[in-house]
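What follows is one structure encoded as structure tokens, with my remarks underneath.
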Amino acid sequence: MSKRLRKSVSMTKADKNPTGGLSEKGRRKYNRATGGNLQRPVTGKVKRGSKAAKRRKSFCARMSGVKGAMKDSKGRPTRKALALRKWRC
């Protein structure tokens with residue numbers, strides 16, 4: 001059995017979207033470094049049962065279960081809260 005090693009990618013402020021998630025530049029950086037295929041978040045209205053609706057449902061199910069606060073000590077939303085809001089979870 002071979003173990004797959006995850007590459008860690010350091011993200012700068014320019015790579016993060018202030019409204020949640022990664023910017024286009026950040027997604028390109030991540031995909032280049034890891035060979036992944038990060039796509040834009042599903043933010044608009046989608047047809048029931050479509051591929052986009054399934055991506056949203058999957059993301060919301062996984063991300064909603066992640067431990068962590070929705071606000072930091074200063075009352076600002078965390079990156080987790082911003083991502084969930086952006087995906088309309």
Side-chain angles (χ1 to χ4, degrees):
M1 252 196 247
S2 66
K3 264 190 173 177
R4 292 182 72 185
L5 297 176
R6 289 189 188 181
K7 287 186 179 182
S8 65
V9 181
S10 178
M11 292 292 166
T12 63
K13 191 169 186 166
D15 298 327
K16 297 176 185 176
N17 189 326
T19 61
L22 295 176
S23 64
E24 182 62 34
K25 180 183 173 189
R27 285 191 299 273
R28 276 198 313 266
K29 180 179 182 178
Y30 178 85
N31 289 338
R32 236 188 343 265
T34 64
N37 183 31
L38 282 183
Q39 301 170 3
R40 293 181 60 114
V42 179
T43 57
K45 198 166 175 113
V46 293
K47 287 185 180 177
R48 245 179 115 104
S50 67
K51 197 172 192 176
K54 290 176 184 176
R55 275 187 65 221
R56 174 183 285 157
K57 185 176 179 181
S58 174
F59 176 84
C60 291
R62 285 180 285 118
M63 198 64 182
S64 297
V66 171
K67 290 182 180 175
M70 295 298 272
K71 291 190 176 184
D72 66 7
S73 59
K74 294 183 179 179
R76 297 175 301 205
T78 60
R79 297 299 298 175
K80 173 188 169 182
L82 291 172
L84 288 170
R85 186 181 309 149
K86 180 144 218 170
W87 281 76
R88 296 171 71 191
C89 294

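Just so you know, these numbers come straight off a predicted model, no measurement behind them.
Considering every non-hydrogen atom in both S10 and D15, the closest pair reads O-OD2, 4.2 Å. Pairing each heavy atom of L82 with each of G20, the nearest pair is CB-CA, 3.6 Å. Across S23 and A14, no two heavy atoms sit closer than the pair OG-O, 3.1 Å. Nearest approach of L22 to R27, heavy atoms of both residues: O-NH1, 2.8 Å.
Placement of L84 and L38 in two distinct hydrophobic clusters is found when ILVMFWY residues are connected by side-chain heavy-atom separations under 4.5 Å, directly or transitively. Both V66 and V42 are assigned to one and the same hydrophobic cluster, defined by single-linkage of ILVMFWY side chains at heavy-atom distances under 4.5 Å. Using a 4.5 Å cut-off between side-chain heavy atoms of Ile, Leu, Val, Met, Phe, Trp and Tyr, with links allowed through other members, M70 and M63 fall into the same hydrophobic cluster.
Here the side chain of D72 pairs a donor or acceptor atom with the backbone of R76 at under 3.5 angstrom.
Sorted by first and then second residue, the pairs that involve residues 30-52 and meet side chain to side chain donor-acceptor pair (under 3.5 Å), not counting sequence neighbours, are Q39-R55. The stretch residues 77-89 participates, sequence neighbours left out, in these side chain to side chain donor-acceptor pair (under 3.5 Å) pairs: T19-K86.
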